[in-house]
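What you are looking at is a predicted structure, and each value in this text was computed from that prediction instead of being measured. Basis for what follows: all heavy atoms, side chains included, without hydrogens, waters or symmetry-related copies. Sequence lines set the chain letters: A, B, ... in the order given, protein chains first and strands last, and positions in each chain run from 1.
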Amino acid sequence: MLRRRLPLLLCFIAGLFMAVQYYVPHHSVQSAYETLLLWLQTLLAFAFLLGTVSLIRVHYHKIRNKAADRGFSLVMFAGLFAMLGLGFFHPSHHAPGSPFNLMFLNVQVPIEATMFSLLAFYVASAAFRAFRARTLEATLLLVAAAIVMLGRVPIGEMISSTIPEATRWILEVPNLAAKRGIMIGVGLGMMATSLKIILGIERAWMGGGD
Amino acid sequence: MEFSTLIWTTIGVILTLCVYSFLYKDNPFYKFAEHLVVGASAGYYLVIYYYNFIDPNVVRPVFQLEHGGQAIALGGFEWWMALIPGLLGLLLYARFFPKIAWVGRWPLGIYVGGYAGLGISPVMQARVIDQMRAASSPLASIVGPGEVVDPFAAVTNTALGFVIFAVMTYFLLAKRHLGSRGIAAMIGVIAASAVVGYGGYVVLTALSAANVVSTTSILLVVGLLGTLAYFFFSLRHTGLLGGLARIGIVFLMVGFGASFGYTVMSRISLLIGRVGFLIDWIGMFSS
Amino acid sequence: MASSMTRFFERFLKIDRRWIFLAIAIAVVIPFFAPLGLPVDVTPPVQRLYDAVDELEAGGAPLLLSIDYTPATSPELEPMSTAILRHVFEKGVRVIVMTLHPAGYGMAESAILRAAEEAGAEYGEDLVYLGFQPGTSAVILGLGVNITNVFPEDAYGTPLSEIPLMEGIRNYDDIPLLISLAGWSASEAWVYFAHQPYGQRVGGGVTAVMATDLYPYLDSGQLVGLLGGMRGAAEYEVLIGRPGSGARGMDSQSVIHLIIILLIVLGNVAYFATRRQRKLAGEGT
Amino acid sequence: MMRASLAVLSILVLSLTFGWAWAQDELVLEGVEPALSDTLPPDLIPPAPAAGLTAVDYVDNNDSGNKIDLSWTTSPDDGDGAADVTGYQVWRSETAAGPGDTLAFVAAGQAGYLDETAEPGTPYYYSVTAFDGTNHSDAVSFGPVAGARNWFTATRAAVLVLVSVFFGLVLVFTQLAERGAKLFVRRIPGLNAIEEAVGRATEMGRPVLYVPGIGEIDNIMTIASLTILSHVAKITARYETPLIVPTARAVVMSAAEEVVKEAYAEVGKPDAYNRDNIRYLSDAQFAFAGAVNGIMLREKPAANLYLGAFWAESLLLAETGFEAGAIQVAGTAMVSQLPFFVTACDYTLLGEELYAASAYLSREPKLLGGLKGSDWMKVVTIVLIAAGIIMNLVGADAFVEWFHTS
């Protein structure tokens, strides 16, 4: 009861209330809604930090079990504690331009931004070695892609003024129609999933066990 | 220029180069940067969550009886409203203790259900109703008021009108009249498709000339219809539905082409941004 | 003769991809030192967002700017926040900045510090930074009820009631325009939870990856305007007459796009040439 | 040795930055001083009053009877010529007698005010005076008016109706499926492509590589992928073709193990199941992609199947697989990755096709219900669009307006 039924019941009540309040402007309902919104925020904040706890556990176990790459787990902890130290104990942690933020801007920002910029190189290599016009579909796709890629950089305009015009047409007619179709289909899927969660048909969030 | 800025930027440059070393092959420098950022970002998020949310909304109201600069009463409504969600939030961490892990499902139920319920109606409005409204406007145009109609769109729109009507007719007739009947039937079907296509083209041009329905509107509706037909699974893709689905796949592929071009653009922008950063760093020494 | 050609193509296709990497690296660097100075045209989605910002009154109801991007996509989105902040400060439009992503906290702060220092904007009068709140949809919906419910104090712990700019600003009714800059689904969340329930006017700035998917929202008016990627930022820079890092990147972007199209063409030519040969040899595809 | 020195190095670098950062000066926010300006000269003549005050119960999407909308005609002394009026003072009272309490001060030139602080159901009397900085004009009054408590947001009726229709469809189809009704779902061509690819690998005596994406176990794409994995595992089990499943999440790995083991048992080949082929590689995106690419080059699978949630690593996987000459079939609902799969793979299941394939194979009521419900809702959407176009053309504004919900 407490282990399986109660969570499903809480899920049902919270979901139903949040879905129904959208149509009920009465202040009794709206003030309950405002309260529940704040609760949801708090729960999300706590839930987000679950990931940090898991991270610490994984790397702690790696170090304790003397895993082969435990050196890098130490690097992870060094990064973690440096941030926590600057964030919680440095005297000016809570002011603009604090060392805490400087560490963010000069350690986290360069690494994360650079990791994704690696993809520019992989796109170029895949362009040469894997993107093939083997079917009618792939051909259409690549031709449209080439037009759009030219049409969105200044050099395309210099080659011919038709290229930016064609790009605009592709974006605002066929692209729009197709994306609208996908948008509707995906939207229906999202709502169906929400419904199944509220009614307890879909209960993957509960995890295994009893 | 300040010395401290130079030091900080140089740290950023070294880490940037560590990541780029991955292009040669996976190596300890890359792994160092990768693990460092995992730890640093986890620490960063923890601090940000604490000071922006948990401290002002949970800790201070409960322990210091203060919320947003206002004093609150111990045991008063606002005090309970900070304490209860805080306790529920803590229950989430029961999952790390196997014996009481199930307690964590209570707050999780509220959380999962609440967010599921919140989304339903706005998603229906944003992704279905407003899209339906936009799709049913008969005079959609890719040019705003006062802008010049660009010749490319005008020509392409009407030409595609022809193609679409022809393809639809072809698929409509092909199911029944093709198969083993040979070349004559084939020619007949193609001819009929061409005639209907031309008819469609004439009607379309006339309608758009009379400002009743714009060609853009019709193409948008046909493209949407085709895409939805492609993702319709309750009937076999033959006949009219098959024709619509064929049109749908063409629209989809052109749409994906646009995504492809934009995605490539995105990745390259990120590279340009990083290269700009490195070049600015070199520039620091000359100034 | 055909077979020597084929052999060439086969070897050509098998080149170590690190040569391609090197070519790209060189191609991106050169325009920085030898700028081509190619002109950037303004497209309607950018123009519409610019107009919406430009219509705001100096010293009147403020713009709400949600800087929701993270470091990973900052090269595309940071030029946008810089350009928009320059635009509003130049016009004297007041601005409230916030973020829905914890990593956006630092991105927003650095963007504000730079722009405010450059324009001499005064904190509390011309701009206020609310900081970060978790819960995306709950935050956006909460702002529609009452901003102080969601942000009892600004990012630095000052209660909102003590900040002059926030006087008379209760919820979306007092905010004529909202712009979200994000490399994730935040822009859509603003449409769902601010535009749909409250009729709030929402503009977006997103990475190019996401831009094409949002076109239906532009057509239906759910988004008043859209900046797509670094190019969108470059166009905005043209409109405010202050070329920045977006415009600076457009030359490199031009060159690399050409190279990539060339690579696709070459790759396909080589592929189909060798495939015919393989078919003749009976190996199949 | 190297690892240890790396760790020492990192700690050293960090503690140096840390300590150095500590020594930096603190930045302090400057205080804010409100400016005072009072330059109006003294004035003895009051301005002419505003006229025609009306107040009505204001109804919008978030109204519970607490909003009253006031409007009036501005004073003749406001604006052009006289320019005497600096603003209007709005008063609210619960009796007809007095002006009551000040509600707001509205700037000159404004001819309306929205009172959002009304108590629902309470009748109010409003009055407005023009003000020139020193003197008030005579008041213009209106009342009584009360805000009605609302229990339903009428502007959103269309949303409620469509949500109800859609949910009705989903639930009816789910019920039907549970009772064993034969619900038709067409066979997805992508499934044939998958089977062909596996068949080809069997012919060549080389393994099949199945990547279930890098999504978590609760991602619906991952769940759909595991259903298809079960189908694929049954085929490979029958022909005793090795099936390699690399994963990026520990939980997905254990789920995949279960699925594959069960499939092998079901076709009577439990001994052919090789646990070592279901592998956890790395949680990190690029490290995972690098490790999968290593498998492609070393173990030379003849068929690569990528089904599930993919992000930027899609490109790296598909490129190496193409290079290695494998037949590749992909499927994902991550729209931004689809273009790369379409151009580098032999066949791609687009978006919803992934879910449809999984519903087709598993026949699970909750999947079928969602799929069929969405299908028929799409028909409803198309019918409404057609109706909308016709209504727009004939100018039936009421119909069009009913769908205007925000």
Side-chain angles (χ1 to χ4, degrees), chain B residues 20 23-25 37 41 44-49 51-53 55-57 61 67-70 114-115 118-119 121-127 129-131 133-135 137 140 142-144 147 220 255-256 258-259 261-279, chain C residues 18 21 24-25 28-29 32-33 44 48 72-76 78 102-103 105-106 131-134 137-138 141 148 151-153 155 157-162 188 191-193 195-197 207-213 216-217 219-222 228-231 245 248-249 252-253 256-257 260:
Chain B
Y20 276 137
L23 287 172
Y24 185 72
K25 61 178 195 182
V37 81
S41 65
Y44 186 79
Y45 291 166
L46 196 76
V47 172
I48 294 293
Y49 268 90
Y51 281 113
N52 282 269
F53 186 79
D55 180 51
N57 291 311
H67 186 237
Q70 312 276 313
Y115 274 103
L118 272 184
S121 300
V123 167
M124 181 58 101
Q125 279 178 298
R127 298 185 86 120
I129 295 180
D130 278 12
Q131 297 309 318
R133 289 199 316 131
S137 109
I142 70 168
V143 286
E147 284 184 274
L220 286 178
F256 288 150
S259 302
Y262 263 67
T263 306
V264 171
M265 190 157 93
S266 215
R267 306 305 188 212
I268 291 164
S269 301
L270 298 183
L271 173 62
I272 293 171
R274 294 320 293 161
V275 170
F277 168 75
L278 291 176
I279 287 175
Chain C
R18 282 175 280 204
F21 293 170
I24 292 291
V28 78
V29 169
F32 275 93
F33 294 105
R48 279 192 258 161
T73 49
S74 55
E76 280 190 276
E78 203 166 62
Y105 183 90
F132 160 75
Q133 284 292 319
S137 51
L141 285 165
T148 47
F151 290 99
E153 45 195 48
T158 313
L160 291 199
S161 52
E162 294 170 19
E188 272 192 288
V191 169
Y192 297 161
F193 300 111
H195 174 76
Q196 302 299 352
T207 55
V209 178
M210 298 164 57
T212 55
D213 298 344
Y217 291 139
D219 176 58
S220 57
Q222 289 159 289
M230 192 180 257
R231 160 77 190 211
S245 50
R248 178 169 86 151
S252 299
Q253 193 98 41
I256 304 223
H257 279 198
I260 289 194

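- For chain C, the option among V123(B), T263(B), I272(B) with the highest count of heavy-atom pairs below 4.5 Å is I272(B).
- Here CD of Q125(B) is found 9.0 Å from CD of Q222(C). Values are rounded to the nearest 0.5 Å.
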Stepwise side chain to side chain contact (heavy atoms under 4.5 Å, CB included) check, I129(B) with Q196(C) | CA-CA 10 Å; I129(B) 295 180; Q196(C) 302 299 352; over 6 Å; no

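- Heavy-atom pairs under 4.5 Å with chain B peak, among P134(C), S252(C), G228(C), at P134(C).
- How far CD of Q131(B) is from OG of S220(C): 4.5 Å, rounded to the nearest 0.5 Å.
- The distance from the CG atom of N57(B) to the CD atom of E153(C) is 8.0 Å, given to the nearest 0.5 Å.
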Please test T212(C) against F256(B) for side chain to side chain contact (heavy atoms under 4.5 Å, CB included), starting from the C-alpha separation and ending with a verdict.
-> CA-CA 9 Å; T212(C) 55; F256(B) 288 150; over 6 Å; no

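- Proximity to chain B (any heavy atom under 4.5 Å) is shown, for L160(C), by neither the backbone nor the side chain.
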So V191(C) and D130(B), side chain to side chain contact (heavy atoms under 4.5 Å, CB included) or not? Walk me through it.
-> CA-CA 11 Å; V191(C) 169; D130(B) 278 12; over 6 Å; no

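- Considering only heavy-atom pairs separated by less than 4.5 Å from chain B, the leading option among S245(C), A103(C), G131(C), A72(C) is A103(C).
- At a 4.5 Å heavy-atom cutoff, the contact between L270(B) and chain C is made by backbone and side-chain atoms alike.
- Across H67(B), R133(B), R274(B), the residue that shares the most heavy-atom pairs under 4.5 angstrom with chain C is H67(B).
- Taken from CZ in F193(C) to CG in L118(B), the straight-line distance is 6.0 Å, to the nearest 0.5 Å.
- Annotation: side chain of E188(C) is in contact with side chain of R127(B) (closest heavy-atom distance under 4.5 Å).
- R231(C) touches chain B through its side chain: at least one heavy atom from C-beta onward sits under 4.5 Å away, while N, CA, C and O do not.
- Remark: the backbone N or O of N52(B) is not paired with any side-chain donor or acceptor of Y105(C) at under 3.5 angstrom.
- With chain B as the partner, the residue from P102(C), G249(C), P75(C) showing the most heavy-atom pairs under 4.5 Å is P102(C).
- The residue among G276(B), G119(B), G114(B) with the most heavy atom pairs within less than 4.5 Å of chain C is G276(B).
- Between chain C and the options S266(B), A134(B), G68(B), heavy-atom pairs under 4.5 Å are most frequent for S266(B).
- Ranked by heavy-atom pairs under 4.5 Å with chain C, the first of G69(B), S259(B), G273(B), G261(B) is S259(B).
- Remark: the backbone N or O of Y24(B) is paired with a side-chain donor or acceptor of R18(C) at under 3.5 angstrom.
- By the 4.5 Å heavy-atom criterion applied to side chains, I268(B) and I260(C) are counted as neighbours.
- Only the side chain of F33(C) comes within contact range of chain B, with at least one heavy atom under 4.5 Å from a heavy atom of that chain.
- For the set L278(B), L271(B), V264(B), the count of heavy-atom pairs under 4.5 angstrom toward chain C peaks at L271(B).
- To the nearest 0.5 Å, atoms CZ (F132(C)) and OH (Y45(B)) are separated by 9.5 Å.
- For Y115(B), the part lying near chain C is the side chain, with the backbone staying farther off; criterion is any non-hydrogen pair under 4.5 Å.
- Annotation: the span from R267(B) atom CZ to T207(C) atom OG1 amounts to 8.0 Å, rounded to 0.5 Å.
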